[in-house]
2 protein chains.
Amino acid sequence: MKCEKVTKCRLESVVDIIGSKWNLMIIWHLRTSTLRFSELQNRMCGINSKTITKHLRDLENEAIISRTVYPEVPPRVEYALTEQGKEILPIIDEMLIWGGKFRHPPDGIAGCEPEGVIATTE
Amino acid sequence: MKCEKVTKCRLESVVDIIGSKWNLMIIWHLRTSTLRFSELQNRMCGINSKTITKHLRDLENEAIISRTVYPEVPPRVEYALTEQGKEILPIIDEMLIWGGKFRHPPDGIAGCEPEGVIATTE
DNA sequence: CGGTATCCCAGGCGATACTG
DNA sequence: CAGTATCGCCTGGGATACCG
């Protein structure tokens, strides 16, 4: 049957991007400000660098985020949402609305917040 | 560091559900009508039965879809969106809006449609 | 600091075959 | 028809170590 990648489903290209937990989180964390590599890594509960790098590259290739290198010592690299990237936020909002309605009380995305840092339950 | 699954991110529980290409597609296909196992399978470009079964079970456990068995011969099983499930559609809409804007012309989700069946490009 | 390289395992998913 | 069982590949992603 002929229904290869080509026509499979238009949803796919979108799911490829936001269908990943990591990608979503990166986008979410960048919603308010640009962040450095290590800042992102820390906010994302110690995701290992290989994984975060891969996702950052993917998002960069998709033009969802931008990567700016400051040629300093020590090196500094900042990530930010592009215009396309910012327009993904409404999707995340919808997701949070749903989640708040049916899964968790709408206490924001605590645990991911820079402010709340890690509200350890322990 | 203490930031286990518990507090990781509220987004996660939502991503677990709609972060899967297959789950999204199932929900999308059920948006207008209930469908039988084989109908779903065919619409989803021949996804194999093991995979679709797993995702159907997952969605059922999450109360996103309902499963109704008709004790007939031959057996008939119908899947439908629950109320919770229907409320996921806005999220998908947002995704399609974004996809239409930045990835593909907004020609719907051709290739997934019962009507258009598989608009083979070849 | 911001990565890359390597190793390795668990899980996703396709193919195929079989069953109530 | 609507699955379950088995096999086997490939990717995702954690741990660790090293580099410019």
Side-chain angles (χ1 to χ4, degrees), chain A residues 1-6 8-9 11-12 15-26 29-30 34-62 65-80 118, chain B residues 1-6 8-9 11-12 15-26 29-30 33-62 65-80:
Chain A
M1 193 194 257
K2 199 75 38 41
C3 57
E4 311 304 291
K5 289 86 190 303
V6 211
K8 237 182 182 176
C9 187
L11 260 181
E12 273 203 44
V15 179
D16 282 345
I17 297 168
I18 61 180
S20 147
K21 165 177 82 183
W22 297 129
N23 283 352
L24 246 322
M25 286 203 192
I26 291 171
H29 285 299
L30 292 176
T34 67
L35 290 174
R36 306 176 58 167
F37 185 91
S38 51
E39 291 174 318
L40 273 170
Q41 191 170 8
N42 291 330
R43 276 169 180 70
M44 295 173 71
C45 302
I47 175 181
N48 82 70
S49 50
K50 191 189 72 177
T51 304
I52 196 172
T53 299
K54 178 193 181 304
H55 288 275
L56 286 171
R57 294 286 178 275
D58 287 350
L59 290 172
E60 198 189 344
N61 286 333
E62 296 283 355
I65 64 174
S66 63
R67 177 173 181 271
T68 311
V69 182
Y70 296 88
E72 311 170 347
V73 176
R76 184 160 58 101
V77 179
E78 293 202 332
Y79 295 91
I118 279 55
Chain B
M1 194 196 258
K2 199 77 36 39
C3 56
E4 311 305 291
K5 290 76 191 304
V6 210
K8 238 183 182 176
C9 188
L11 260 181
E12 274 201 45
V15 178
D16 283 346
I17 297 168
I18 61 181
S20 147
K21 166 176 81 184
W22 297 127
N23 283 351
L24 246 323
M25 285 202 191
I26 291 171
H29 285 300
L30 292 176
S33 66
T34 68
L35 290 175
R36 307 176 55 167
F37 186 91
S38 53
E39 291 174 318
L40 273 170
Q41 192 170 7
N42 291 330
R43 276 171 178 70
M44 296 174 69
C45 302
I47 175 180
N48 82 70
S49 50
K50 190 187 71 176
T51 304
I52 196 172
T53 299
K54 178 195 181 303
H55 288 276
L56 286 171
R57 294 287 178 274
D58 288 351
L59 289 172
E60 197 189 347
N61 286 334
E62 295 284 354
I65 63 174
S66 64
R67 178 172 181 271
T68 312
V69 182
Y70 296 88
E72 313 170 347
V73 176
R76 184 160 60 100
V77 178
E78 292 201 335
Y79 295 91

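Here is the naming used below: chain letters follow the sequence lines, and residue numbers restart at 1 for every chain. All heavy atoms count here, side chains included; hydrogens, waters and symmetry mates do not.
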Measure from CG on B/L24 to P on C/dG12 and round the result to the nearest Å. 16 Å

Students often get this wrong, so: under 4.0 angstrom with heavy atoms, is B/Y79 touching a base, only sugar-phosphate, or nothing? sugar-phosphate

Checking contacts here: which listed nucleotide (D/dG13, D/dC1, C/dG2) is nearest the side-chain heavy atoms of B/S38? D/dC1

Quick one: which of C/dC13, D/dG20, D/dA2 gets closest to the side chain of A/P75? D/dG20

Any side-chain heavy atom of A/L56 within less than 4.5 Å of one from A/F37? yes

Closest nucleotide of DNA chain C for A/L56 versus for B/K54: which of these residues is on the 5' side? A/L56

How long is the line joining NZ of A/K21 and C1' of D/dT11, in whole Å? 15 Å

Just so I know, are the side chains of A/N23 and A/I18 near enough to count as touching, which here means a heavy-atom distance under 4.5 Å? no

To the nearest 0.5 Å, atom CD of B/E39 lies from atom OH of B/Y79 at 12.0 Å

Nearest heavy atom decides the nucleotide; on that basis, is A/P74 or A/S49 closer to the 5' end of DNA chain C? A/P74

Through what angle, rounded to 10 degrees, does the axis of the helix from C/dC1-D/dG20 to C/dG20-D/dC1 turn between its ends, using five pairs per end? 50°

Do any side-chain nitrogens or oxygens of B/T53 fall under 4.0 Å of OP1 or OP2 in D/dG3? no

A/R67 side chain N/O closer than 4.0 Å to the phosphate oxygens (OP1, OP2) of C/dG3? yes

If you measure from CD on B/E60 to CD1 on B/I26, what distance do you get to the nearest 0.5 Å? 11.5 Å

Comparing B/K50 and B/R36 on DNA chain D - which has the more 5′ nearest nucleotide: B/R36

Rounded interatomic separation in angstrom, taking CD from A/Q41 and P from D/dT16: 14 Å

Nearest 0.5 Å please: distance from the NZ atom of B/K21 over to the NE2 atom of B/H55. 9.0 Å

To the nearest 0.5 Å, what is the distance between CE on A/M25 and CG on A/L30? 13.0 Å

Taking CG from A/L35 and P from C/dC1, how many angstroms apart are they, rounded to a whole number? 15 Å

Given atom CD1 of A/I26 and atom C1' of D/dG13, what is their separation to the nearest angstrom? 13 Å

Nearest-nucleotide pick for A/N48, side chain only, options being C/dG14, D/dG20, D/dG14: D/dG14

Kindly point out which of D/dG14, C/dT4, D/dG20 is positioned nearest to the side chain of A/R57? C/dT4

For B/I52 and D/dA5, what is the distance between atoms CD1 and P respectively, to the nearest whole Å? 18 Å

Separation of A/L40 atom CG from C/dC1 atom P, in whole Å? 14 Å

Regarding the side chain of A/H55, the nearest nucleotide among D/dG13, D/dC1, C/dA15 is D/dG13

Distance, nearest 0.5 Å, that separates CD of B/E62 from CG of B/D16: 7.5 Å

Protein-nucleotide distance (B/R76, atom CZ; D/dG3, atom C1'), rounded to Å: 17 Å

Phosphate OP1/OP2 of D/dG12 contacted by A/W22 side-chain N/O (<4.0 Å): no

dist B/H29:NE2 -> B/L35:CG (nearest 0.5 Å) comes out at 8.5 Å

